Each structure stands twice: as structure tokens, then as C-alpha cells.
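Below: one structure, written as C-alpha cells.
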Number of protein chains: 2
Amino acid sequence: MNNSLRPTTRDAIIEASFEILSRDPSAPLSDVADRAGVGRATLHRYFASRDDLVRALAMIAMEETEAAAEEACSDVSSYAEALEQTLKALIPLGDRHGFLALEPFDGDDDVDAAYARQMTEIRDMVDQAKQEGFFDLGVPTAWIAQAFDYLIYAGWESVKAGEATHQQAADLAWRTLTIGLGSK
Amino acid sequence: MNNSLRPTTRDAIIEASFEILSRDPSAPLSDVADRAGVGRATLHRYFASRDDLVRALAMIAMEETEAAAEEACSDVSSYAEALEQTLKALIPLGDRHGFLALEPFDGDDDVDAAYARQMTEIRDMVDQAKQEGFFDLGVPTAWIAQAFDYLIYAGWESVKAGEATHQQAADLAWRTLTIGLGSK
DNA sequence: CTCAAATGAGACATATATGTCTCATGAACA
DNA sequence: TGTTCATGAGACATATATGTCTCATTTGAG
């Protein structure tokens, strides 16, 4: 018995999809099915078409991202701390981020809307952190958000390469964003 | 008359390839040919197969990267300054970087060797800059190189989005790497 | 103007990925 | 034991990208 309706096969497909498609967005679905330990026909029973699968993955990636960020900010006393916790929470979701970044999206409305909303949230948090005196007011918010985003992905790559733990990568990324890597 | 052998058509194909394939590595060659303003058959006259084209692009991307970096370091008095000039020189080559990063490489030996050599060069420069007292010795070289790489790409995206000039993006990326974005 | 080389348009065969379908198998369960 | 349901294997038709080829047109040098 499972808590949600027949989870394992579907979840295996989804997880395999992230692993495969976040590296090669045009990989054949047979590769995905193989990785999931599932027949190609079964994959099509859960996701009628490649488009269906990709759309589902995009929504899942964004829901997970949003949930992780919200959870990370639940017990926080400043916007700067909220950003720090968000960064830490998002590094383990690097393959989701990679998937969203690499997939050449046609422009599904739901996906686009969710993406725009998340971007806005990050920028708002950065603006608030600026108001708290945490970031230099002279640096454009857009750049801070951009650097935030890319340093998260750099951290994930670093973890994936075995060069750091999640915690170490998060600390390094946050340090880079805030005080840089120069000597004192 | 052209200084090198029949340049324009080949160059148009190469430039179009970087534009198209750095966004969607699986885009059909007909799209590339269209963007280059060239027939699909002509593209195949210059590059027999998709593999030929991709390999050529990879080598070009790395030669250009190497040349730009070397040129940038020609008149420099420290390793830190060399890194700063390299960063500035590489931002306009963002589509080359994007191509190399996104293309799922099979593992052409020449390409792999050139890539490994460039990684080593960057790490060496970072190590030397550490010895100069420029970077914090407690931060792993691998992370500094990683952040260097990703901030270059973030800068290129920022330029592409119209949010900054090349110079501004380079300044922001370098500042982020060295002293961060926090307020004083 | 004349000729040779480069090109564009398009036909063609081929390869690969996709989506559908059928059927046999095996596990869960009454 | 018998039944049901999810699955795997594989056949099949289809769509798309690829690479080759031909031929008419254009371009540029002489």
C-alpha cells in the first residue's frame, strides 16, 4: 500500500527523467525508460507523449523549488537570512534547475507563469535585503539575482563533482555572493 | 579578395551555428542553414555531417577562448590582474561558452584535451593569485575556478538580456568574485 | 560577354525517435 | 486456484532529421 496512488513506477520515471534530461534534453525516451528500469511502453502509459512528460517535469521542478524555498524561509528573521536559507535549500535541487535551464521551452503558459513568479519572488527578496542594508544599493537587483541563480548551479556542480558536500557548497556560494573570495 | 580562403559563407554558417546551437543543441541543421542565409545543401558542402560541424565549432570555440585569454594577459603585472582581464575578455564569448557547456560531448580526444588544458590554466592562475595573497587561501581552488566560470556566463546572460554592457557585466562579475555584493 | 565555381531548391533514401497496439507473463489478491 | 491488473517485449506505422544527389541559377573573374 502506498500513501498516494501507485507511486513507485511513476516516481522512478520522473527521477530518471531528471537525471537523463538535465544532462541531455534531447535524449531518447528509451534511455529514460532504461534508467527507470521500465519498458518504453510503460513510460507512455504514464506520460502519453514527450511533451506531456516534459511539462509534468517542469511543473514538478517548480513546485519542488517553491516548496523547498518556502520551507527554508519558515523560521527566519531577515530577508538576507531568507536568501541564505533558500540558496542552501536549492543546491540539492540542482538537477531540477538544470532541467529547467536546459530544456528549450516552447512556452507553456503554466510553466511560464510559474517561472516568472519565482523570478519575481527572488528579486523581491533581494530588494528587501537591500533595504535592510545587506546588499550594496549601487549593484543592480537584476545582477544580484543573476549571480544568486548561477552560484546555486555552480554549487550543485561542485557537489556533483564530489568536490564538496551540500553544506560546504552552500557556504562557499553564499560567501562568494556576499563578501567574495578575496583575502581579508 | 579575402585574406583567408573563401571566408564569408563558412563564417556565416559558423556564426549561425553558435547562435542556434548554444540555445538548443538539438536544433535541426535546417534552422542553422536558415539563420546563416544559406541552403541546407551548402551547409553540408562545408561540413559533411553534423558531427563534423560540432567538432569544428568546439575547436573554434576553444581556440578563440584561448586566444582571447592570452591576448588579455599580454600586458599584465600580476596573476590577479590576468584573471580580471581574462574574465573581461571571455564575457563576449558567452555563446561559445554556452555551446561548449550545453553540447553533450561524446568525447572527441582533441576537444577533451583542449578543454582539460584550459581548465588547468585557469586553476594555475588562481593558485598563483592565491600565492600573491589575492584570494583567501582557505577557499578551495576548484571552487574559485568554478565561480569564475559561472560568473562569466552570468555576465554574458546579463549582457544578452540587455541589462548591462560588456564592461558593466565584467565589472559586476569581477566584483562579485573578489569582494562580493554586500554593503560595506 | 563568357566561363567556371558556388549556390539554392528540391527530390530521394535512410536512420532514428515517437506513439500505438497486441500479446504473453507475473504478481497481488479474493 | 482463478482472476485481475500492471508490466515487458516487440511489431508497426509515422514523423522528423540527416546526408546525398541533380539541375538550374547566380556570381565573379577574365
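Note that the structure is a prediction, hence the values are computed from the model and not measured. Within every chain, numbering begins at 1; the chains are lettered A, B, ... in the order of the sequence lines, protein sequences first and strands thereafter.
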Self-check item: CD/Glu15(A): more than 12 non-hydrogen atoms of other groups inside 6.0 Å
Solution: yes
Quiz item: Do any N or O atoms from the side chain of Thr65(B) and from the backbone of Ala61(B) form a donor-acceptor pair under 3.5 angstrom?
Solution: yes
Quiz prompt | Distance, rounded to the nearest Å, where Asp11(A) contributes CG and dA6(D) contributes P | solution = 16 Å
Quiz item: Phe47(A) CZ to dT20(C) P: how many Å, rounded?
Solution: 15 Å
Tabulate protein N/O versus nucleotide N/O from nucleotides 8-13 of chain C, keeping only pairs under 3.5 Å, one per line.
from   : atom 1 : to       : atom 2 : distance (Å)
dG8(C) : OP1    : Gly37(B) : O      : 3.3
dG8(C) : OP2    : Gly39(B) : N      : 2.8
dG8(C) : OP2    : Thr42(B) : OG1    : 2.6
dG8(C) : O6     : Arg45(B) : NH2    : 3.0

Anything under 3.5 Å between a protein N or O and an N or O of nucleotides 24-28 of chain D, put it in a table, one pair a line.
none

Quiz item: Taking only residues two or more places apart in sequence, or in another chain, which ones meet Phe99(A) in a ring-ring contact (aromatic ring centres under 6.0 Å, His included)?
Solution: Phe18(A)
Practice problem: Could I get the full list of salt bridge (Lys or Arg N to Asp or Glu O under 4.0 Å) partners for Glu63(A), not counting sequence neighbours? | Solution: none
Quiz item: Got a sec, which residues hit salt bridge (Lys or Arg N to Asp or Glu O under 4.0 Å) with Arg50(A), two or more places apart in sequence or on another chain?
Solution: none
Self-check item: Residue Tyr79(A) excluded, over 12 heavy atoms near OH under 6.0 Å
Solution: no
Exercise. Go through the structure and list residues passing salt bridge (Lys or Arg N to Asp or Glu O under 4.0 Å) with Arg45(A), not counting sequence neighbours.
Key: none
Quiz item: Does a nitrogen or oxygen in the side chain of Ser49(A) sit under 4.0 Å from OP1 or OP2 of dT18(C)?
Solution: no
Quiz item: What distance separates Gln85(A) CD from Leu87(A) CG, expressed to the nearest 0.5 Å?
Solution: 9.5 Å
Quiz item: Reckon Tyr46(A) has a side-chain N or O less than 4.0 Å from the OP1 or OP2 of dT7(D)?
Solution: yes
Practice problem: With sequence neighbours excluded, tell me which residues meet salt bridge (Lys or Arg N to Asp or Glu O under 4.0 Å) with Glu157(B). | Solution: Lys160(B)
Practice problem: Apply salt bridge (charged side-chain N to carboxylate O under 4.0 Å, His left out) to Glu66(A) and Arg117(A), showing your working. | Solution: CA-CA 10 Å; Glu66(A) 209 150 27; Arg117(A) 181 156 33 87; 2.5 Å; yes
Quiz item: In residues 18-33 of chain A, what residues come within less than 4.0 Å of DNA chain C, judged by heavy atoms?
Solution: Pro28(A), Leu29(A)
Self-check item: Listed once per pair and sorted, the ring pair (Phe, Tyr, Trp, His ring centres under 6.0 Å) pairs that draw on residues 159-184 of chain B, sequence neighbours left out
Solution: Phe134(B)-Trp174(B)
Quiz item: Roughly how bent is the helix from dC1(C)-dG30(D) to dA30(C)-dT1(D) end to end, in steps of 10 degrees, with each end axis from five pairs?
Solution: 20°
Practice problem: Mind calculating the distance between CG (Asp52(A)) and C1' (dT18(C)) to the nearest angstrom? | Solution: 13 Å
Practice problem: Take the protein atom NE2 of His44(A) and the nucleotide atom P of dG19(C), then report the distance between them rounded to whole Å. | Solution: 5 Å
Self-check item: Any pair counted as salt bridge (charged side-chain N to carboxylate O under 4.0 Å, His left out), so long as it reaches residues 78-90 of chain A, sequence neighbours left out
Solution: none
Quiz item: Does His97(A) have any ring-ring contact (aromatic ring centres under 6.0 Å, His included) partners at least two apart in sequence or in another chain, and if so, which?
Solution: Tyr153(A)
